[in-house]
Structures are given as C-alpha cells and as structure tokens.
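Residue indices begin at 1 and follow the sequence shown. As the structure lists them, so they are numbered: ligands from 1, and atoms in each ligand from 1.
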Amino acid sequence: MRKVEKNYIKAPKILKSERSENHLNKIIESNGNVKAKTDIYRDKDVLSELDKIYFKKCGYCEKITNNYEIEHYRPKDKDFYPYLSYEWSNLFPVCHSCNKAKSNKFPVKERNFDINIRDINQLNKIEEPVVLNPEIDDPEKHFDFNIFTGEIIAKTKRATETIKICDLNSDDLIYFRKKAVDKIFEIIDLINVASDEIQEIVYKKITKIVINNKDVKSEFSMLWNSFCLKFEDDVLPLFLKEKKELMLKFFKKKLS
Ligand SMILES: [Zn+2]
C-alpha cells in the first residue's frame, strides 16, 4: 500500500450526474435491495481518474494490474453502506485477489449507518475503521517489509488486521515481491566475483534499479522504499569488504 492523493471535491462528473443521483435514490428507497450500477461506478471517467491517482496499481497490494476491479472501501452490500455506492471517496482500484479477500469485511469500532453522513473524514472519526485507507492513512507508519523473504510486516494493530483481511501475505504476493528484489541479490553475487573494471557500471545499475522502483508509480514501491532505507544495514553486508565502500558512495550520491 502506498499513500495516494485524491481530491474528494473533484469527483468524476458521472458520480454526481442526475442519472446516478436518481439511481442512488432507488437504492436508498429499496434499502439496498436495488443493486448499484456497474456502468456508473466503473464509468470510463472514473477509471481514467483512478489511473492517474493510483498509476494502474492495486490500492491495497500495489500490484500493477490492467484489469483492476472497483473496490467499495465501505461495502456497498445491503446491510452495509449501499448509499455510498457512487461516493468518490469510497472507490479504489484493486486487483482481483485483494477484492476477493476483502469482500464485504469492514470492521469498525462503532458502526454508523446514518445516510446523511457521507463525508469520509467525518465517518472515519465516528467509526474508526480497521482497514487502512491509502487515501487517508500513511501506510509507512503501519507497514514494513522483510526484504529477504518478501513478507509484509505489520507495525500496528490496524496493519495486522489489514494484512489478514486483504491477504497481503498471500503466497502469490510473497513470491512476486521476493522475485522483484531477488534481482538485486543476484547482481550482488555477481559483483563479488567480478573484475574491478566493471564494478562502477554495476554499482550504478543497482542504485538505478532501487531508486527507480521506490518511485510511487512503480509496482511494490513501498517494498523498494523499505529496501532503500535498509540498504546500509541489511544489504551492504552482502558485499565483499573491499566493495562495500564504493557501493555506498554511489548509493548515497544518487540519493542525496
Ligand atoms: Zn491487490
């Protein structure tokens, strides 16, 4: 998960259109028995705005996915929050696995079904939801990574629950995260046996991979951010003694 910036006031037009307002009234009048229309909350303008904000990544696991699904942070199902079906602040792009895992799970400290309260900040204050929200919470305060195994680590109770609810340590996710950083460890193995002439090129390459991938637009950018923060303590010891100093010099130069 990575923090994203969404402007709640600038919702895609379709979500505030007469058609969606009328349909929302039907949903409310029927007590949630009338289902939300996919072609409204999955409208092309909604998708293109979410693309810009989330860079085609899943809001929960940061996997790049071309066929993402629209997640209702507060579930739109009957007996939950059907009146938030077309609420811009309630819509995230997520991958199929995260959507399936989270489903309509939404534990809160105190449930509030007042349909007049649709402002997410106000609702959050009353309800204190458990699942972390990439548009509101700061994931860096809640998550860390084991850069060697690819596991996501919880730093808070909410993070522990979010990992469980969204299955953020699924076999698949651990495999793909480990695969992503393993390419650096493979290069380190090579550099330790390489001749001095090519070292500089390889140091630059390692630095470039790490820095490019920690950019918010990249897949698993938070994992790479963690990799970067742990570089000196955890990654550098993998280099042979005489190579450490030069590697660190390149890395620090690029980061500064
Ligand atoms: Zn996902």
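The aromatic rings of Phe239 and Tyr203 sit tilted relative to each other, their planes meeting at an angle between 30° and 60°.
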Which side-chain N or O atoms in residues 154-165 pair as donor and acceptor under 3.5 Å with protein atoms at least two apart or in another chain?
| unit_1 | atom_1 | unit_2 | atom_2 | d |
| --- | --- | --- | --- | --- |
| Lys155 | NZ | Glu140 | O | 2.8 |
| Thr156 | OG1 | His142 | ND1 | 2.8 |
| Thr156 | OG1 | Ala159 | N | 3.1 |
| Arg158 | NE | Pro129 | O | 3.2 |
| Arg158 | NE | Val130 | O | 3.0 |
| Arg158 | NH1 | Asp137 | OD1 | 3.2 |
| Arg158 | NH2 | Pro129 | O | 3.3 |
| Arg158 | NH2 | Val131 | O | 3.3 |
| Arg158 | NH2 | Asp137 | OD2 | 3.1 |
| Thr160 | OG1 | Thr156 | O | 3.1 |
| Glu161 | OE2 | Lys164 | NZ | 3.3 |
| Thr162 | OG1 | Leu132 | N | 3.1 |
| Thr162 | OG1 | Arg158 | O | 2.7 |

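Annotation: side-chain hydrogen bond (donor to acceptor under 3.5 Å, both in side chains) contacts of Asn99 (sequence neighbours excluded): Glu69. Under the ring pair (Phe, Tyr, Trp, His ring centres under 6.0 Å) criterion, Tyr8 pairs with no residue, sequence neighbours left out.
Taking the centre and axis of the six-membered ring of Tyr60, the NZ or CZ atom of Lys102 falls outside the cone set by 45° and 6.0 Å.
If you count the protein N, O or S atoms nearer to the Zn ion (ligand 1) than 2.8 Å, you get 4.
In the model, Tyr41 has no side-chain atom that pairs as donor or acceptor with a side-chain atom of His72 under 3.5 Å.
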